[in-house]
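Letters go in sequence order (proteins before strands), and every chain restarts at 1.
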Protein chains: 2
Amino acid sequence: MTSSENVQNTHDGHTLTSGRLRQLHEAVLDIVAVMNRPQRDAFMVRTAGIALDRALFPLLVLVGKFGPIGVVELADRNGRDHTTVSRQVGRLVELGLVERQVNEHDRRIREVILTDRGRAMTDRIDEARESLMRAALGDWSDEELGQLATFMRRYADAILGIPDHHNAGDQQNRQFTR
Amino acid sequence: MTSSENVQNTHDGHTLTSGRLRQLHEAVLDIVAVMNRPQRDAFMVRTAGIALDRALFPLLVLVGKFGPIGVVELADRNGRDHTTVSRQVGRLVELGLVERQVNEHDRRIREVILTDRGRAMTDRIDEARESLMRAALGDWSDEELGQLATFMRRYADAILGIPDHHNAGDQQNRQFTR
DNA sequence: GGAAAATATGTGCGTTTTACACGTAAAAAG
DNA sequence: CTTTTTACGTGTAAAACGCACATATTTTCC
């Protein structure tokens, strides 16, 4: 049952070697590692010139990117329980960086949106990130960048499409805490 | 200073539009979101048939992928302080999933490696992940998959290359806690 | 139309996770 | 060979987190 030569036919006749998938997974792990580096956030926040709790930074960025956005969706994108995110949003409100507003079509949803101050901050963060990305990707050709972006988008959509699923709390909702 | 038409020349004459970079960043955010979903880990762990604390799972996978690996490097890949990871490794040792061994050439480093039991577990996790990936990427052609993997690897290397850097704690080592 | 189920959000509260301060040991730099 | 840097670990206290539970709104279905 070693997987070194494991090959499996897919429904439409293509084959995916384990090796290729592992290679892909390894690259993704590296990317996630970089994105999860706290120093990375720290640099951006410092550039933006504002002190912000570690846990709040990714939320602010997500609100900027995907807002107006509900707490549950925000929690999903952030990989945290919605109760945790709810509290963190509360802190962002206190800091004057975001606001809540009831969704027009579904009054259960209290959308989170950036305030002017929050927008100013994410703008500076975007600039900092863009600067870093330019430095990292400066030697890529325009065509290559286009292909990269296309593949990334397509891959993201593919894995986003995996049924939320498998996991979907069954037996108990409890997490598997030891 | 709006960025809608912001274009900047790079050292070798190419241009990177902000739009393209933003598009790329958004895709990366989606990917990271999926990877960070706790339910995802939960599913894998359940598949592997063993209860494992949430925080321990990513470490086990990293040790399997990159081990033997030192605590500091593990901490970097995991985006946590090395003291945190040190303790978590201790727990993995207690669970009999990993072992520590002093590096032969640098006795400061206590490499972390999988035990047979740990390897058996990561093998099952790998199978579960592979199954998910096949489901998600089953309709990609072999050529496309190759390109995807290549681009991912190249992008990972590019951002891994960003000097650890900018951030590098200066004034104080203290994190920017509020 | 209305009961039942599903979804979105939020608070109480105990647990888990995390990082800073500090110390030791080994290697690298000078 | 002294100084600096790097790797690792423990004490301690705070931050982050999630489950149980409750409310409000929408959706489902008979």
- Query: Between Phe57(A) (CZ) and dA15(D) (C1'), how many Å, whole number?
  - Reply: 19 Å

- Task: Group every Ile, Leu, Val, Met, Phe, Trp and Tyr by side-chain heavy-atom contacts under 4.5 Å, then state whether Val72(B) and Ile113(B) land in the same group.
- Result: no

- Note on the structure: Quick note, Arg91(A) side chain, CB onward, closest among dA7(D), dA16(D), dG18(D) is dA16(D)

- Item | Any Ser86(A) side-chain nitrogen or oxygen under 4.0 Å from OP1 or OP2 of dG10(C) | yes

- Message: From the set dG18(D), dG10(C), dA7(D), return the single nucleotide nearest to any side-chain atom of Arg100(A).
- Response: dG10(C)

- With sequence neighbours left out, the residues meeting side-chain contact (heavy atoms from CB on, under 4.5 Å) with Thr83(A) are Asp81(A), Arg87(A)

- Check DNA chain C against residues 62-73 of chain B and give the residues with a non-hydrogen atom under 4.0 Å, in numerical order. none

- Query: Is the base of dG18(D) touched by the side chain of Arg87(A) through a donor-acceptor pair closer than 3.5 angstrom?
  - Reply: yes

- Task: Report the distance from atom CG of Leu52(B) to atom C1' of dT16(C), rounded to the nearest whole Å.
- Result: 14 Å

- Taking CG from Asp81(A) and C1' from dC21(D), how many angstroms apart are they, rounded to a whole number? 13 Å

- Item | Whole angstrom value for the distance that separates P of dA8(C) from NE2 of His105(A) | 16 Å

- Any donor-acceptor N/O pair under 3.5 Å between dT7(C) base and Arg108(A) side chain: yes

- Query: Looking at residues at least two apart in the chain, or sitting in another chain, which of them share a salt bridge (charged side-chain N to carboxylate O under 4.0 Å, His left out) with Arg119(A)?
  - Reply: none

- Query: Any salt bridge between Arg77(A) and Glu73(A), counting N to O under 4.0 Å?
  - Reply: yes

- Applying salt bridge (charged side-chain N to carboxylate O under 4.0 Å, His left out) to Asp123(B) and not counting sequence neighbours gives none

- Would you tell me if any nitrogen or oxygen in the side chain of Arg110(B) comes within less than 4.0 Å of OP1 or OP2 on dA7(D)? no

- Whole Å only: how far is the CG atom of Asp106(B) from the P atom of dC8(D)? 8 Å

- Query: End-to-end bend of the helix from dG1(C)-dC30(D) to dG30(C)-dC1(D) (five-pair axes, 10° rounding)?
  - Reply: 60°

- From CG of Asp53(A) across to P of dA14(D) the rounded distance in Å is 15 Å

- Message: Between the base of dG9(D) and the side chain of His82(B), is there a donor and acceptor pair under 3.5 angstrom?
- Response: yes

- With sequence neighbours excluded, what pairs up with Arg110(A) under the side chain to side chain donor-acceptor pair (under 3.5 Å) test? none

- Task: For the residue pair Asp53(A) and Gln88(A), establish whether any side-chain heavy-atom pair is separated by less than 4.5 Å.
- Result: no

- Item | Set of side-chain contact (heavy atoms from CB on, under 4.5 Å) partners for Arg107(A), sequence neighbours left out | Val102(A)

- Message: Between the base of dG10(C) and the side chain of Thr83(A), is one N or O donor paired with an acceptor at under 3.5 angstrom?
- Response: no

- Message: Suppose we screen for side-chain contact (heavy atoms from CB on, under 4.5 Å). Which residues come up paired with Arg154(B), at least two apart in sequence or across chains?
- Response: Trp140(A), Glu144(A)

- Item | Rounded distance in Å - CD (Gln88(A)) to C1' (dT11(C)) | 15 Å

- Item | Distance, rounded to the nearest Å, where Asn78(B) contributes CG and dT17(C) contributes C1' | 12 Å

- Go through the structure and list residues passing salt bridge (charged side-chain N to carboxylate O under 4.0 Å, His left out) with Asp126(B), not counting sequence neighbours. Arg129(B)

- Out of dT26(D), dA19(C), dT9(C), minimum distance to the side chain of Arg107(A) belongs to dT26(D)

